[in-house]
2 protein chains.
Amino acid sequence: MRATVLEAAGQVRLADVPDPVIERPGDALVRVVLAAVCGSDLWPFRGREPFTPGDRMGHEWIGVVEETGADVGRLRPGDLVLAPFAFADGACGPCRDGLFTSCPDGGFWGGRNDGGQAEAVRVPFADATLVPVPGGADDGLLRRLLPLTDVMATGVHATVLADVRPGSAVVVIGDGAVGLCAALAARRAGAERIFLVGRHPGRADLARRMGATDVLDAGDPATAAFVREETGGGVRGVVECAGTQSALDLALDLVRPGGVIGSVGVPNGVDGVDLYRLFRQNIALHAGVAPVRRYLEPLLKEVLAGRFDPSPVLSAELPLRDVAHAYRAMDARQAVKVAVRP
Amino acid sequence: MRATVLEAAGQVRLADVPDPVIERPGDALVRVVLAAVCGSDLWPFRGREPFTPGDRMGHEWIGVVEETGADVGRLRPGDLVLAPFAFADGACGPCRDGLFTSCPDGGFWGGRNDGGQAEAVRVPFADATLVPVPGGADDGLLRRLLPLTDVMATGVHATVLADVRPGSAVVVIGDGAVGLCAALAARRAGAERIFLVGRHPGRADLARRMGATDVLDAGDPATAAFVREETGGGVRGVVECAGTQSALDLALDLVRPGGVIGSVGVPNGVDGVDLYRLFRQNIALHAGVAPVRRYLEPLLKEVLAGRFDPSPVLSAELPLRDVAHAYRAMDARQAVKVAVRP
């Protein structure tokens, strides 16, 4: 089959790789119907995160079950399934606590595991990992569902970490797909004022569509003063979706004493967190990779009921054979997120 | 009057200073009846924290009101009062949120403000800051109350930050006065297993008296493995009471995925917090200087009812004129905490 691999910094290509096969009785083989490129795929693509040449790519995807191992009971060939970005056994202590990303036998798609930007994926612990979509889906529904597999669930996790409450004012830092989804998640959680602070003025309309009430420029020195003025000294909850030192510094500038920073950006180039600043103002730092599996069922239900639509975050779609174009478009910020279709 | 001042690293002395006077209508003048030396006093004493020669010292103290300004309504001359280690106006946003240490008009005792290791203190915002002790106190009660003004309230704050729950297992890092008080606070919060990890084997009996069920050596490489083994992979709540890099690293080793580190040690020599480690395992870091005022009334009630006694943490008492001895004894770890009496 064909699968996206990272050959070298700046070079992804669709390669011929061996077809996946059932290796363990809990496995399922799933044919990918729609996948996406994630902002976090760009870190190794840009050579800013270590990788091994030949690493498989892609962790946001939806597919159809083709074959199941002997122990798989909840899934049948033909089922349309959502794949959270990490697989997990569903049975260990962390999984029982809803911390699927801390499962000692789990893992993430890509690297030495199969990746989602491919024709098919072998899924370990398929019963625990995959969430079936009842009734199948047309193209529109597929696009509304695809963001749940990572960025939308990550946005929700960010608002959970930042303890976003109904009626509150929230700052979201980052106008990438996760930041935009976090704005939508904040609106879903009942926040009334949602300041989205980003670096791409061209995304302002999209940001408002996703729930932002105020779209602000991270590079403008007046931004912090404006937020503090409007909120009487900063917000109780800041959602940090970039993972950079400047985003963290801005979060500390905008959170009020006793507040919470919920941080879901994959840390990149962060020197460290200034403990004294947290200590002096009793600021809680809740950083965490999203245990996406925890959020899939409730979000799926809301999308199916027509109450929730994160699809605007998918700004383009290409055939899987053009996956290299998808990376280049996102790297050049010409697209927020590109879907690829095998 | 006489007040303790820090002249140079390693040199405190009782100096003659001008008598304090009422400067603002909300002030009270309070004669100190019992004070203590705090572990955090040792940082500037050791030259490991900046200070200005002549800085006043001491932030743990109890006194008797001598004179009140025109706006003081809740206090009268003769009242015995507890002084939290920070004064605060009680009226601003942070104070209304219970974040008295973030009051923009507040401050800490010592430095350019009056210090508690002295004969008297001018207390700004006296109505909001001081807590009267109904009925006065004998020497035994004074000793049970004195720790409330900092270390005991800080221990309670640590267990609040670490979300310590009834029946849980907790790790307390640090066997100084705050760590010992945090063990007592964990017992008060209903924790069943309390691992106290310290560096002073001579404090084991005291630690057990203060609530620890297991007293462990921070320097023993087997300690971390023992805790992880006994708790099935680490505890949900770690209380960090040292503020050093090694204490934070140990906290990260002993907390389970999805857990919380409550950190109340004044950060000292901490390079930074490894954000990736927090992110990867969804570990919350709640660092915070204790808003002591918030905890004084409930703790006072429990002490007066005979249900709560943190006085074992006071291992010695000296006359105020021997305050330099008190510092040297604590610096040499010959005493956990020394009370000084004017």
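Each chain gets a letter, A, B and so on, in the order its sequence line appears, and its residues count up from 1. Only this structure's heavy atoms are used, side chains among them; waters, hydrogens and symmetry mates stay out.
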- Message: So for A:Leu99, is it side chain, backbone, both, or neither that comes closer than 4.5 Å to the heavy atoms of chain B?
- Response: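 Looking at A:Leu99, just its side chain touches chain B.
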- Item | Residue part contacting chain B, namely of A:Val260, when any heavy atom lies under 4.5 Å |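 For A:Val260, no heavy atom lies under 4.5 Å from chain B.
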I'd like to know if [X] pairs up with [Y] as an ion pair, taking the criterion as any Lys NZ or Arg NE/NH1/NH2 lying under 4.0 Å from an Asp or Glu carboxylate oxygen.
X        : Y        : result
B:Arg236 : B:Asp163 : yes
A:Asp175 : A:Arg199 : no
B:Arg193 : B:Asp214 : yes

- Message: Shorter than 4.5 Å, heavy atoms on both sides: which option in A:Asp97, A:Leu248, A:Thr101 has the most such pairs with chain B?
- Response: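 It is A:Thr101.
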- Looking at A:Ala287, A:Gly232, A:Gly233, A:Pro94, which one has more heavy-atom pairs under 4.5 Å with chain B than the rest?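 Looking at each option in turn, the highest pair count goes to A:Ala287.
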- Query: In terms of ring plane angle, is the pair B:Phe125 and B:Phe87 parallel, tilted or perpendicular, where the classes change at 30° and 60°?
  - Reply: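 B:Phe125 vs B:Phe87 ring planes: tilted.
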- What are the residues of residues 273-284 of chain B, in order of number, with any heavy atom under 4.5 angstrom from a heavy atom of chain A?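 B:Val273, B:Leu275, B:Tyr276, B:Leu278, B:Phe279, B:Arg280, B:Gln281, B:Asn282, B:Ile283, B:Ala284 fall under the 4.5 Å cut-off.
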Are side-chain heavy atoms of [X] and [Y] found at a separation under 4.5 Å?
X        : Y        : result
B:Tyr295 : B:His157 : yes
A:Phe108 : A:Val289 : yes
A:Pro44  : A:Met57  : yes

- Query: Would a distance-only check, ignoring hydrogens and angles, find a side-chain to backbone donor-acceptor pair under 3.5 Å from B:His286 to B:Leu161?
  - Reply: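 Indeed, once roles are kept as given, a pair shorter than 3.5 Å links the two residues.
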